[in-house]
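Here is the structure we will look at, set down as structure tokens.
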Amino acid sequence: QVQLVESGGGLLPAGESLRLSCAVSGRTNDLFAVAWFRQAPGKEREFVASIMRSGDYTHYGDSVRGRGTISRDSAKDTVLLRMDDPQPEDSAVYSCAALLRGRGTVFYAANYDYWGQGTQVTVSS
């Protein structure tokens with residue numbers, strides 16, 4: 001069992017970078033990667049970014065590539081997401097997810113075994 005708890009959501013003032021945290025706990029030895037997904041009302045769930053449990057290798061979706069950074073605080077086992085220049089269209093429920101080894105590519109939500117409860121992000125215009 002793996003537990004994921006997101007934090008940092010809410011109303012994002014204009015000009016302020018998005019900063020989210022995902023606290024990871026439980027049975028983490030078999031985890032291959034931790035990722036952020038987002039889903040806005042009426043839209044499909046979208047891959048945002050992922051980071052590997054070994055080596056800190058990262059992947060970024062088109063929505064954040066070039067303006068986002070995913071990282072991990074190993075001491076706290078917390079995955080962080082920072083997104084610069086957020087726009088109103090970035091408003092969504094952001095969810096943290098954990099992928100077990102051998103379950104597939106990081107890019108598809110259906111491959112993930114564990115999910116956090118999600119945190120609402122609203123970017124002001």
Side-chain angles (χ1 to χ4, degrees):
Q1 187 68 37
V2 175
Q3 294 82 44
L4 306 170
V5 181
E6 304 97 334
S7 61
L11 180 62
L12 188 66
E16 183 173 307
S17 296
L18 172 66
R19 299 176 64 88
L20 299 176
S21 298
C22 174
V24 184
S25 62
R27 185 176 176 269
T28 63
N29 289 340
D30 293 330
L31 294 184
F32 178 68
V34 175
W36 284 98
F37 289 82
R38 71 183 187 183
Q39 187 168 29
K43 295 185 178 181
E44 297 180 354
R45 180 167 288 172
E46 179 184 24
F47 173 80
V48 177
S50 67
I51 184 167
M52 302 298 175
R53 296 292 292 181
S54 178
D56 287 345
Y57 298 115
T58 59
H59 294 86
Y60 294 96
D62 292 340
S63 63
V64 72
R65 187 176 292 109
R67 64 185 181 114
T69 301
I70 187 169
S71 60
R72 182 176 65 234
D73 183 337
S74 297
K76 300 179 180 179
D77 203 356
T78 299
V79 175
L80 308 174
L81 176 69
R82 179 186 176 94
M83 186 187 302
D84 296 327
D85 302 321
Q87 302 296 314
E89 52 264 38
D90 293 314
S91 299
V93 174
Y94 285 73
S95 298
C96 185
L99 180 68
L100 291 171
R101 291 178 296 184
R103 294 285 283 178
T105 178
V106 300
F107 301 110
Y108 298 101
N111 292 336
Y112 286 75
D113 297 273
Y114 301 99
W115 292 84
Q117 80 286 350
T119 183
Q120 175 70 52
V121 173
T122 302
V123 181
S124 63
S125 59

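- Side-chain contact between F37 and Y112 is present, with at least one heavy-atom pair separated by less than 4.5 Å.
- Transitive grouping of hydrophobic side chains (ILVMFWY, heavy atoms separated by less than 4.5 Å) keeps V93 and L81 in distinct clusters.
- Put simply, the side chain of L99 reaches to within 4.5 Å of the side chain of V106, judged on heavy atoms.
- By the 4.5 Å heavy-atom criterion applied to side chains, L20 and V121 are counted as neighbours.
- Taking the side chain as every heavy atom from C-beta outward, E6 and S95 approach each other to under 4.5 Å.
- Using a 4.5 Å heavy-atom cutoff, the side chains of Q39 and E46 are not in contact.
- Side-chain contact between V64 and W36: absent, with no pair of heavy atoms (C-beta onward) separated by less than 4.5 Å.
- Evaluated for a side chain to side chain contact (heavy atoms under 4.5 Å, CB included) with R72, the options D77, T78, T58 yield exactly one hit, D77.
- One finds the SG atom of C96 at 13.5 Å from the OH atom of Y114 (value rounded to the nearest 0.5 Å).
- At distances below 3.5 Å, at least one donor-acceptor pair connects side-chain atoms of R65 with backbone N or O atoms of Y60.
- In terms of heavy atoms, R82 sits closest to S17 at NH2-OG, 3.5 Å.
- Residues R101 and D30 are paired through a salt bridge, judged by an N-O separation under 4.0 Å between the basic side chain and the carboxylate.
- Distance check, rounded to the nearest 0.5 Å: OG of S91 to CD of Q120 gives 7.0 Å.
- The stretch residues 102-111 participates, sequence neighbours left out, in these side chain to side chain donor-acceptor pair (under 3.5 Å) pairs: R103-D113.
- Counting heavy atoms from C-beta outward, D90 and L18 have side chains that stay 4.5 Å or more apart.
- Criterion: ILVMFWY side-chain heavy atoms under 4.5 Å apart, direct or through other members. Under it, I70 and L31 are part of a common hydrophobic cluster.
- Within the model, atoms CD of Q117 and OG1 of T119 stand 7.0 Å from one another, a figure rounded to the nearest 0.5 Å.
- The cluster map of Ile, Leu, Val, Met, Phe, Trp and Tyr, joined by side-chain heavy atoms under 4.5 Å apart, puts V5 and V2 in different clusters.
- Both the sub-6.0 Å distance and the 45° axial angle are satisfied by R45 relative to the ring of W115.
- Interatomic distance, CZ of R19 versus CG of L12, reported as 11.0 Å (0.5 Å rounding).
- The side-chain heavy atoms of R53 and T28, taken from C-beta on, include a pair separated by under 4.5 Å.
- Hydrophobic clustering of Ile, Leu, Val, Met, Phe, Trp and Tyr side chains at less than 4.5 Å, counting indirect connections, keeps I51 apart from L80.
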